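The first residue in the sequence is number 1, and the count goes up from there. Since we're looking at a predicted model, the values are computed, not measured.
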Amino acid sequence: MRKKIIPALDVQSLEELTFLLDELQGKAITVKVGMELYYTFGNNLFYNIKSRGFKTFLDLKLHDIPNTVNKAIKTLAKNGADIMNVHAAGGIEMMKAALEGMREENENGLLIGVTQLTSTSQNVMNQELLIPGKVSDVVLHYAENVRKAGLDGIVCSAHEVREIKERFGQEFKCITPGIRPKGSANHDQKRVMTPFEAVQAGSDYLVIGRAITRNDEPGQAFDSILKELNNE
């Protein structure tokens with residue numbers, strides 16, 4: 001169960017980053033490097049994180065024309081990111097180009113397609129983005145495009161995982177943000193689930209941010225979530 005928990009290192013100072021890495025070393029296997037952290041420190045932070053033995057999920061959600069995404073993925077893959085992602089909304093050709101760039105630099109890395117953000121409600125998707133239908137139907141359609149492009153899986157809400165697994169198989173990876181341990185606030189997330197519920201639904205990886213990283217004792221918070229997953 002330990003490998004399923006991916007703490008999100010969403011911080012902007014070296015002091016905060018060092019504190020989190022100290023707390024999580026020997027506990028977390030993979031950590032998420034998102035926009036906030038990457039745009040603050042750039043490529044240099046990878047040496048710090050990888051030298052401590054962590055695997056990395058580089059969460060930049062690339063979305064551009066195929067050639068641009070291909071070149072960007074190739075550049076980023078040289079850092080040794082174990083998991084990277086692109087927006088499935090960019091289309092099948094863009095995702096294929098991204099996968100080509102990924103495989104050239106990192107044959108064993110996972111490339112994942114982002115379907116709909118867990119902060120996207122039904123109303124926002126229909127009224128603001130002018131995408132018709134149910135959120136779950138759009139997620140399934142995007143997942144089908146991700147599969148056609150040859151990617152390793154998707155980022156989605158844990159609410160869609162069970163159907164995704166039934167349709168595309170257990171090897172099709174599901175990374176689920178919007179995970180909130182019992183008693184935690186939802187913040188800006190709309191479609192949330194507890195860690196235990198998400199794993200029961202079939203989630204392969206749980207991205208957990210503030211419940212761990214904003215805790216005064218992140219290592220202890222990680223252990224508490226691990227106990228919840230183990231139903232202890």
List the steps, then state whether side chain to side chain contact (heavy atoms under 4.5 Å, CB included) holds for F222 with E23. CA-CA 9 Å; F222 183 97; E23 283 279 315; over 6 Å; no

Checking L76 against Y38 for the side chain to side chain contact (heavy atoms under 4.5 Å, CB included) test, could you report, in this order, the C-alpha distance in whole Å, the side-chain angles of both residues, the deciding distance, and whether it holds? CA-CA 11 Å; L76 294 168; Y38 184 79; 3.3 Å; yes

Does the side chain to side chain contact (heavy atoms under 4.5 Å, CB included) test come out yes or no for C156 and V161, once each step is laid out? CA-CA 7 Å; C156 64; V161 169; 3.9 Å; yes

Under the criterion side chain to side chain contact (heavy atoms under 4.5 Å, CB included), I'd like the reasoning laid out for L62 against T68: C-alpha separation, chi angles, the key distance, then a yes or no. CA-CA 9 Å; L62 299 184; T68 297; over 6 Å; no

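Side-chain contact between L17 and L37: present, with at least one pair of heavy atoms (C-beta onward) separated by less than 4.5 Å. Using a 4.5 Å heavy-atom threshold, the side chains of I212 and L24 count as touching. Side chains of F54 and Q25 form a contact here, defined as non-hydrogen atoms less than 4.5 Å apart. Between L20 and P7 the shortest side-chain heavy-atom distance does not fall below 4.5 Å. Annotation: side chain of M94 is not in contact with side chain of I65 (no heavy-atom distance under 4.5 Å). You'll find the side chain of D223 reaches within 4.5 Å of the side chain of K27, heavy atoms only. Side-chain contact between I112 and D152 is present, with at least one heavy-atom pair separated by less than 4.5 Å. Contact of the F168 side chain with the E144 side chain is registered, since non-hydrogen atoms from C-beta on lie closer than 4.5 Å.
For the atom pair E104 CD and K74 NZ, the distance stands at 4.0 Å (nearest 0.5 Å). Rounding to the nearest 0.5 Å places CG of L151 at 10.0 Å from CG of L110. One finds the CD1 atom of I225 at 13.5 Å from the CE atom of M1 (value rounded to the nearest 0.5 Å). Atom CE of residue M102 and atom CD1 of residue I83 lie 8.5 Å apart, to the nearest 0.5 angstrom. Interatomic distance, N44 CG to N79 CG, rounded to the nearest 0.5 Å: 9.0 Å. For the atom pair CG (L111) and CZ (R103), the distance works out to 7.0 Å, reported to the nearest 0.5 Å.
Residue F19 qualifies as enclosed at atom CZ: its count of foreign heavy atoms under 6.0 Å is above 12. The local environment of NZ in K50 is crowded, with over 12 non-hydrogen atoms from other residues, nucleotides or ligands closer than 6.0 Å.
Between E16 and R214 there is a salt bridge, since a side-chain N of the basic residue sits under 4.0 Å from a carboxylate O of the acidic one. Between D10 and R210, no side-chain nitrogen of the basic residue sits less than 4.0 Å from a carboxylate oxygen of the acidic one, so the salt-bridge criterion is not met.
Annotation: salt bridge (Lys or Arg N to Asp or Glu O under 4.0 Å) contacts of D137 (sequence neighbours excluded): none.
The minimum heavy-atom distance between K173 and K165, with the atom names listed, is CA-NZ, 4.2 Å. Looking at every heavy atom in both residues, F46 comes nearest to A81 through CE2-CB, 4.2 Å. Taking each heavy atom of A8 and V207 in turn, the nearest pair found is CB-CG1, 4.2 Å. Taking both residues in full, the closest heavy atoms of N106 and G109 are given as OD1-N, 3.1 Å, listed atom of the first, atom of the second, then distance. Here the closest heavy-atom approach between residue L14 and residue F41 is recorded as N-CZ, 3.4 Å. The nearest pair of heavy atoms linking I164 to A143 is CD1-CB, 3.6 Å.
In this structure, the side chain of Q122 engages the main chain of V135 through a donor-acceptor pair within 3.5 Å. Remark: side-chain polar atoms of D59 are not paired, donor with acceptor, to backbone N or O of G34 under 3.5 angstrom. Of the possible donor and acceptor atoms, none in the side chain of D64 sits under 3.5 Å from a partner among the backbone N and O of V69. A donor-acceptor pair under 3.5 Å is formed between the side chain of E197 and the backbone N or O of T194. Side-chain N or O atoms of T30 include none that pairs as donor or acceptor with a backbone N or O of I6 at under 3.5 Å. Not one N or O on the side chain of T18 forms a donor-acceptor pair closer than 3.5 Å with the backbone of E15. S203 places no side-chain N or O within donor-acceptor distance of the main-chain N or O of V199, the cut-off being under 3.5 Å. Here the side chain of D82 pairs no donor or acceptor atom with the backbone of F57 at under 3.5 angstrom. In this structure, the side chain of T120 does not engage the main chain of Q116 through any donor-acceptor pair within 3.5 Å. No donor-acceptor pair closer than 3.5 Å links the side chain of N145 to the backbone N or O of I92.
Two different hydrophobic clusters hold L117 and L130 under the rule that ILVMFWY side chains link at heavy-atom gaps under 4.5 Å. Residues F196 and I179 do not share a hydrophobic cluster, defined by chaining ILVMFWY side chains whose heavy atoms lie under 4.5 Å apart. L9 and Y47 are assigned to two separate hydrophobic clusters, defined by single-linkage of ILVMFWY side chains at heavy-atom distances under 4.5 Å. Under the 4.5 Å side-chain contact rule for hydrophobic residues, I175 and I29 do not share a cluster.
Classification of the H87-H63 ring pair by plane angle, with boundaries at 30° and 60°, yields tilted.
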